[in-house]
Amino acid sequence: MPSALASLEIALVVLLVLVLFGIAAVFVRRRAIARGTTLTLCGLRADGAVRWRLGLARLGGTELDWFALVGATLRPAQTWTRGGLDLAAPVALEGLDRIDLLPDAVAVRCCHEGDEFDLALAPTAYTALRSWLESAPPGSRLDVA
């Protein structure tokens with residue numbers, strides 16, 4: 001019969017293996033979501049919601065995909081098409097609205113085909129998003145001067 005010390009050691013080894021498996025799963029999921037593109041940490045807040053949901057944003061050829069930060073799925077929780085997305089001017093997050101993992105984030109009011117929401121992004125990620133949106137292929141946004 002194993003002693004209490006041996007049982008404790010076994011429990012600690014099992015716990016360590018589970019933690020390492022969890023870290024590896026997060027890394028593999030992030031790599032699979034990226035598909036060779038850049039991911040950025042961002043917050044999403046639905047119209048009328050108070051709290052931010054943290055996630056990963058991926059800029060594709062014609063779509064902006066948003067994935068929940070924690071989860072097992074490789075499918076985006078939200079997808080917005082490039083042609084239907086409009087961005088307002090960014091505003092700095094202050095006070096209770098701040099996100100600890102994004103200390104210098106800016107909030108951007110977005111509208112996609114009548115659906116309004118906010119994105120919280122690092123300033124450099126906002127610049128990348130704005131550039132991606134404004135650099136649509138020729139003929140795809142004929143309303144832009």
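Note on Asp97 versus Arg51: no salt bridge recorded, every NZ/NE/NH1/NH2 to OD/OE distance being 4.0 Å or above.
For Arg98, the side-chain contact (heavy atoms from CB on, under 4.5 Å) test picks out Leu93, Pro103, with sequence neighbours left out. Under the rule for a salt bridge (charged side-chain N to carboxylate O under 4.0 Å, His left out), Asp104 has no partner lying at least two apart in sequence or in another chain.
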Step-by-step side-chain contact (heavy atoms from CB on, under 4.5 Å) determination, Trp52 to Leu44: CA-CA 5 Å; Trp52 291 100; Leu44 171 66; 5.6 Å; no
Would you check, one step at a time, whether the test side-chain contact (heavy atoms from CB on, under 4.5 Å) holds for Arg31 with Val26? CA-CA 9 Å; Arg31 297 277 300 196; Val26 167; over 6 Å; no
Please evaluate residues Leu16 and Leu12 with respect to the criterion side-chain contact (heavy atoms from CB on, under 4.5 Å), reporting the C-alpha separation (whole Å), side-chain torsions for both, the decisive distance (0.1 Å), and the verdict. CA-CA 6 Å; Leu16 179 63; Leu12 288 175; over 6 Å; no
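Under the 4.5 Å side-chain heavy-atom criterion for grouping Ile, Leu, Val, Met, Phe, Trp and Tyr, Leu129 is not connected to Ile99 through any hydrophobic cluster. Linking ILVMFWY side-chain heavy atoms closer than 4.5 Å, directly or via other members, places Leu119 and Tyr126 in a single hydrophobic cluster. Under a hydrophobic-cluster definition in which Ile, Leu, Val, Met, Phe, Trp and Tyr are linked whenever side-chain heavy atoms come within less than 4.5 Å, directly or via other members, Leu56 and Leu59 are assigned to different clusters. Val106 and Leu41 fall into different hydrophobic clusters, where Ile, Leu, Val, Met, Phe, Trp and Tyr are joined by side-chain heavy atoms under 4.5 Å apart, directly or via other members. Hydrophobic clustering keeps Leu64 apart from Leu102 (ILVMFWY residues linked when any side-chain heavy atoms are closer than 4.5 Å, directly or through intermediates).
Atom CG of Leu85 sits about 8.0 Å away from atom CH2 of Trp80, to the nearest 0.5 Å. Atom-to-atom distance recorded for Thr73:OG1 and Arg29:CZ is 7.0 Å, nearest 0.5 angstrom. To the nearest 0.5 Å, the span separating SG on Cys42 from CG on Asp118 amounts to 11.5 Å. Of the inter-residue distances, the one linking Thr79 atom OG1 with Glu63 atom CD reads 5.5 Å to the nearest 0.5 angstrom.
More than 12 heavy atoms of other residues, nucleotides or ligands lie within 6.0 Å of CZ in Arg130, so this atom counts as buried by the packing criterion.
Under a 3.5 Å cut-off, the side chain of Arg53 and the backbone N or O of Ala68 do not form any donor-acceptor pair. Arg30 places no side-chain N or O within 3.5 Å of a backbone atom of Leu39 that could act as its donor or acceptor partner. Put simply, the side chain of His112 never gets that close to the backbone of Asp86: no donor and acceptor are under 3.5 Å apart.
Ile33 has its side chain within reach of Leu74: a pair of non-hydrogen atoms, C-beta onward, lies under 4.5 Å apart. Annotation: side chain of Trp66 is not in contact with side chain of Pro76 (no heavy-atom distance under 4.5 Å).
Relative to the ring axis of Trp132, Arg82 places its NZ or CZ within 45° and under 6.0 Å from the centre.
Tested against Arg58, the residues Thr38, Asp65, Thr37, Thr40 include a single side chain to side chain donor-acceptor pair (under 3.5 Å) partner, Asp65.
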